[in-house]
Asker: 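Sharing a structure, written as structure tokens. Questions coming.
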Amino acid sequence: MTYTYGNLIGGAWRDTPSRFDTFNPARPAQVVGRYSLADASLVAEAVAAAKQVQQPWARLPAAQRCEVLARYIDRIEAHKEDLARAITAEQGKTLVESRGEVTKACAESRFMLQHVMAGDGSRHVPSLRAGVRNLVMRRPRGVIVAITPWNFPVMTPMRKIAPALGFGNAVIVKASEFTPAAVCLLGELASGLLADGLLQVIHGGADVGSALVSHGGVHGVTFTGSVATGRRIVAATAANLAAVSLELGGKNAAVIHDAPDLDACLDQVSNAALMCSGQRCTAVSRVLVQRGLHADVAAGLARRASVIRLGGGAEAATQLGPMTHRAQLEQVKAAVRQAREDGAEVLAGGTEVAIDGCEGGYFYAPTVLDRVRADSAAAREEIFGPVISLIEYDTLDEAIDILNSVDYGLTAAFFSNDAKAIARFVDECQTGMLHVNHGTVPDSHMPFGGIKASGVGAYSVGPSAAAFYTTEHSVYLGT
Ligand code: NAD
């Protein structure tokens with residue numbers, strides 16, 4: 001089966017003369033999807049359609065909007081298998097991971113609906129004048145553009161669609177050009193539930209994305225992807241002064257300071273590093289280990305990495321799928337090559353892998369690099385592949401210095417039973433999310449985001465998301 005979709009504009013799937021294809025990363029000769037590439041006039045039509053439908057949607061009581069959206073989420077959950085297959089076909093992760101992604105997307109979306117019903121932060125404030133009541137009120141922002149990457153083709157779009165619509169906005173989604181099938185299914189599933197134009201889907205790459213985010217009719221841009229693209233988006237939104245929320249890359253560390261149950265710790269670190277073949281923004285990519293534990297940690301991580309079974313994501317025996325596209329595989333190969341030149345030692349993996357029955361698949365072996373210098377690229381730059389860089393340290397001061405020495409600030413984990421050391425990590429670690437004695441996998445009802453080069457503006461999920469999808473108004477009610 002080949003997914004074949006146009007752009008979903010005002011409730012109709014619209015074709016254009018330009019098309020692009022997607023491919024199965026486990027068997028790249030296999031075309032998975034055929035899509036119409038949007039152009040500037042379709043972008044303009046989408047924005048106009050969103051504007052038209054947003055006001056009547058915003059006028060509905062929040063409870064009514066949430067009821068419709070709850071039915072939409074139920075529908076998504078009922079189609080979990082179709083969505084999971086679409087994710088696996090284009091992104092490559094195992095079906096188990098894809099099903100988990102859909103489940104988590106639904107859980108987060110339901111939580112954001114609860115957030116809508118708990119109130120958007122509007123409140124009464126005492127007035128300076130007799131007979132006047134002051135109200136600080138929030139209203140829907142208007143037309144939201146959501147630009148998403150290829151690693152979580154359902155969860156990232158839903159993380160934006162659910163709060164955008166819940167708080168009374170219209171939303172236009174441009175998914176990654178590598179993984180648009182899942183968002184097309186999400187668009188189809190909205191049919192008959194959401195008014196035409198409330199949720200629209202636009203296809204394309206940088207040009208289409210740029211046209212969307214700089215369109216004068218757009219009020220908010222929520223973006224998840226790389227730092228380089230984030231910078232371009234900020235520059236492009238200077239044209240319309242739209243509000244921006246950016247979720248960017250990471251160089252996430254697990255610090256193993258004194259882990260009494262080292263096996264449990266290494267299970268969590270290895271899982272957090274390698275799931276989705278390391279193509280998670282929250283993947284553990286550096287392991288900072290106190291020198292006394294180094295030998296056990298190195299051996300334990302290498303053993304875990306070397307027994308993982310690679311293969312096509314749709315095959316039941318597979319534990320880890322491929323890289324999502326050729327350039328990503330090449331990037332991982334180049335990063336490991338550079339690490340070796342910088343003196344790192346390969347304890348496991350370190351090579352591209354050929355799998356029988358998956359000719360040309362973009363597989364890379366789970367890799368553990370030892371003796372990585374804290375100032376080298378493998379210790380500082382995002383690799384976005386199944387690669388763990390081991391860095392040794394002696395003192396807690398040194399660990400915290402290394403931890404905070406990178407540009408990124410998304411998430412980190414700290415393994416220790418020492419209350420003082422834990423307190424220092426919680427107070428001083430420069431990341432948006434901090435985990436003590438567990439890996440970096442987040443809950444579905446906790447704010448999700450980063451600081452420094454990992455994020456700008458509102459987090460996903462929770463109160464700052466509510467603020468991003470609404471605007472603030474000071475109201476003076478005289479009598
Ligand atoms: P990317 O930045 O290349 O692309 C992301 C999206 O932006 C795609 O839809 C792409 O078509 C679009 N785009 C590209 N150029 C654009 C432009 N000039 N204007 C508007 N849109 C444009 O990222 P990617 O390779 O798809 O994803 C991997 C990156 O995403 C990694 O850096 C990863 O860490 C990051 N990421 C971050 C999070 C997070 O929550 N912090 C989550 C997932 C991925």
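Residues take their numbers from the sequence shown, with the count starting at 1. Computed from a prediction, not measured in an experiment: that's the story for all the values here.
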Asker: Side chains of His257 and Tyr393: any donor to acceptor distance under 3.5 Å?
Answerer: yes
Asker: State plainly whether the residues Lys251 and Glu382 are in salt-bridge range, i.e. N to O under 4.0 Å.
Answerer: no
Asker: So Ile451 and Gln430, side chain to side chain contact (heavy atoms under 4.5 Å, CB included) or not? Walk me through it.
Answerer: CA-CA 7 Å; Ile451 60 171; Gln430 295 168 357; 4.2 Å; yes
Asker: Do side-chain atoms of Ser454 reach the backbone of Gly409 as a donor and acceptor pair under 3.5 angstrom?
Answerer: yes
Asker: State, with a plain yes or no, whether a side-chain heavy atom of Asp407 is found less than 4.5 Å away from one of Lys452.
Answerer: no
Asker: A side-chain contact here means heavy atoms from C-beta on lying under 4.5 Å apart; do Glu345 and Leu369 qualify?
Answerer: no
Asker: Heavy-atom distance under 4.5 Å between the side chains of Val171 and Leu198, does that happen here?
Answerer: no
Asker: Please say whether the positively charged group of Lys160, taken as NZ for Lys or CZ for Arg, lies over the ring of Phe223, i.e. under 6.0 angstrom from the six-membered ring centre and within 45 degrees of the axis.
Answerer: no
Asker: Using a strict 4.0 Å threshold on nitrogen-to-oxygen distance, state whether Asp418 and Lys420 make a salt bridge.
Answerer: no
Asker: Just one of Leu212, Val145, Val183, Val43 clears the side chain to side chain contact (heavy atoms under 4.5 Å, CB included) bar with Lys174, so which one?
Answerer: Leu212
Asker: Can a side-chain donor-acceptor contact be found between Thr411 and Asn252 if the only test is distance below 3.5 angstrom?
Answerer: no
Asker: Under 3.5 Å, is there a donor on one side chain and an acceptor on the other for Thr88 and Ser98?
Answerer: yes
Asker: Any chance CG of Asp207 has more than 12 other-residue heavy atoms, nucleotides or ligands included, within less than 6.0 Å?
Answerer: no
Asker: Is a donor on one side and an acceptor on the other found under 3.5 Å between the side chain of Thr440 and the backbone of Thr282?
Answerer: yes
Asker: Can Arg337 and Asp342 be counted as an ion pair, charged N to O under 4.0 angstrom?
Answerer: no
Asker: Within the side chain of Gln279, is there an N or O that forms a donor-acceptor pair under 3.5 Å with the backbone of Cys276?
Answerer: yes
Asker: Do Arg34 and Tyr3 meet the cation-pi criteria used here (NZ or CZ under 6.0 Å from the six-membered ring centre, within 45° of the axis)?
Answerer: no
Asker: Would you call Glu392-Arg371 a salt bridge at under 4.0 Å N-O?
Answerer: yes
Asker: Mind listing the closest non-hydrogen atom pair of Gly321 and Ser277 along with its distance?
Answerer: O-OG, 2.6 Å
Asker: Checking Thr156 side chain against Pro153 main chain: does a donor-acceptor pair fall under 3.5 Å?
Answerer: no
Asker: Any chance the rings of Phe414 and His435 have centres within less than 6.0 Å?
Answerer: no
Asker: Under a 3.5 Å distance rule, please check whether Arg159 uses its side chain to pair with a backbone N or O of Glu108 as donor and acceptor.
Answerer: no
Asker: Decide yes or no on side chain to side chain contact (heavy atoms under 4.5 Å, CB included) for Leu310 and Gln319, but give the supporting numbers first.
Answerer: CA-CA 6 Å; Leu310 292 171; Gln319 293 175 311; over 6 Å; no
Asker: For Phe448 and Asp443, run side chain to side chain contact (heavy atoms under 4.5 Å, CB included): C-alpha distance rounded to whole Å, both residues' side-chain angles, the deciding distance at 0.1 Å, then the answer.
Answerer: CA-CA 9 Å; Phe448 181 100; Asp443 280 356; over 6 Å; no
Asker: Is the closest basic N to carboxylate O distance between Glu81 and Arg99 below 4.0 Å?
Answerer: yes
Asker: Can you find a heavy atom in the side chain of Pro386 that is under 4.5 Å from one in the side chain of Met323?
Answerer: yes
Asker: Return the CG to SG distance between Asp296 and Cys265, rounded to the nearest 0.5 Å.
Answerer: 11.0 Å
Asker: Let me see the working for Arg14 and Asp39 under salt bridge (charged side-chain N to carboxylate O under 4.0 Å, His left out), right down to the final yes or no.
Answerer: CA-CA 11 Å; Arg14 300 274 300 279; Asp39 53 21; over 6 Å; no
Asker: How long is the gap from CG on Asp258 to OG on Ser416, to the nearest 0.5 Å?
Answerer: 3.5 Å
Asker: If you take the centroid of each ring, where Trp contributes its six-membered ring, are Trp150 and Phe384 closer together than 6.0 Å?
Answerer: yes
Asker: First locate atom CG of Leu274, then atom CG of Leu320, and finally report the distance between them rounded to the nearest 0.5 Å.
Answerer: 6.5 Å
Asker: So does Arg19 have more than 12 non-hydrogen atoms from other groups sitting under 6.0 Å from CZ?
Answerer: yes
Asker: Would you compute the distance between atom OG1 of Thr367 and atom CD1 of Ile388 and round it to the nearest 0.5 angstrom?
Answerer: 9.0 Å
Asker: Testing the 3.5 Å rule here: is there a donor-acceptor pair between the side chains of Tyr5 and Glu188?
Answerer: yes
Asker: Is the shortest heavy-atom distance from the side chain of Ile383 to the side chain of Val332 under 4.5 Å?
Answerer: yes
Asker: Apply side chain to side chain contact (heavy atoms under 4.5 Å, CB included) to the pair Leu288 and Ile256, showing each step before the final yes or no.
Answerer: CA-CA 6 Å; Leu288 277 48; Ile256 306 181; over 6 Å; no
Asker: Would you say the side chain of Val336 lies within less than 4.5 Å of the side chain of Thr351, judging by non-hydrogen atoms?
Answerer: no
Asker: Can you check whether Asn24's main-chain N or O pairs, donor with acceptor, with Glu90's side chain at less than 3.5 Å?
Answerer: no
Asker: Could you tell me whether the side chain of Tyr35 and the main chain of Ala181 form a donor-acceptor pair under 3.5 Å?
Answerer: yes
Asker: Considering non-hydrogen atoms only, spot the tightest contact between Val353 and Tyr364 and give its length.
Answerer: CG2-C, 4.2 Å
Asker: Regarding Gln91 and Thr179, is there a side-chain donor-to-acceptor distance under 3.5 Å anywhere?
Answerer: no
Asker: Taking only Lys NZ, Arg NE, NH1 and NH2, and the carboxylate oxygens of Asp or Glu, determine whether Glu97 and Lys104 approach each other closer than 4.0 Å.
Answerer: no
Asker: Under 4.5 Å between any side-chain heavy atoms of Arg280 and Val441, yes or no?
Answerer: yes
Asker: So, do Val436 and Val426 sit near enough that their side-chain heavy atoms are less than 4.5 Å apart?
Answerer: yes
Asker: So, the side chain of Thr148 versus the backbone of Pro157: is there a donor-acceptor pair under 3.5 Å, distance only?
Answerer: no
Asker: Looking at Asp375 and Arg380, is any side-chain nitrogen of the basic one under 4.0 Å from a carboxylate oxygen of the acidic one?
Answerer: no
Asker: Taking atom NE2 of His203 and atom CG of Leu42, what is their separation to the nearest 0.5 Å?
Answerer: 10.5 Å
Asker: Can you tell me how far OG of Ser18 sits from CZ of Phe20, rounded to the nearest 0.5 angstrom?
Answerer: 10.5 Å
Asker: Among Ile147, Ile202, Val213, Asn7, which residue satisfies the side chain to side chain contact (heavy atoms under 4.5 Å, CB included) criterion with Val208?
Answerer: Ile202
Asker: Give a yes or no on whether His445 atom NE2 has more than 12 heavy-atom contacts from other residues, nucleotides or ligands under 6.0 Å away.
Answerer: no
Asker: For Gly300, is there any backbone N or O sitting under 3.5 Å from a side-chain donor or acceptor partner on Arg304?
Answerer: yes
Asker: Report yes or no: does Arg75 contribute a side-chain atom to a donor-acceptor pair with the main-chain N or O of Leu189 at less than 3.5 Å?
Answerer: yes
Asker: With a 4.0 Å cut-off, would you call Glu352 and Lys333 a salt bridge?
Answerer: yes
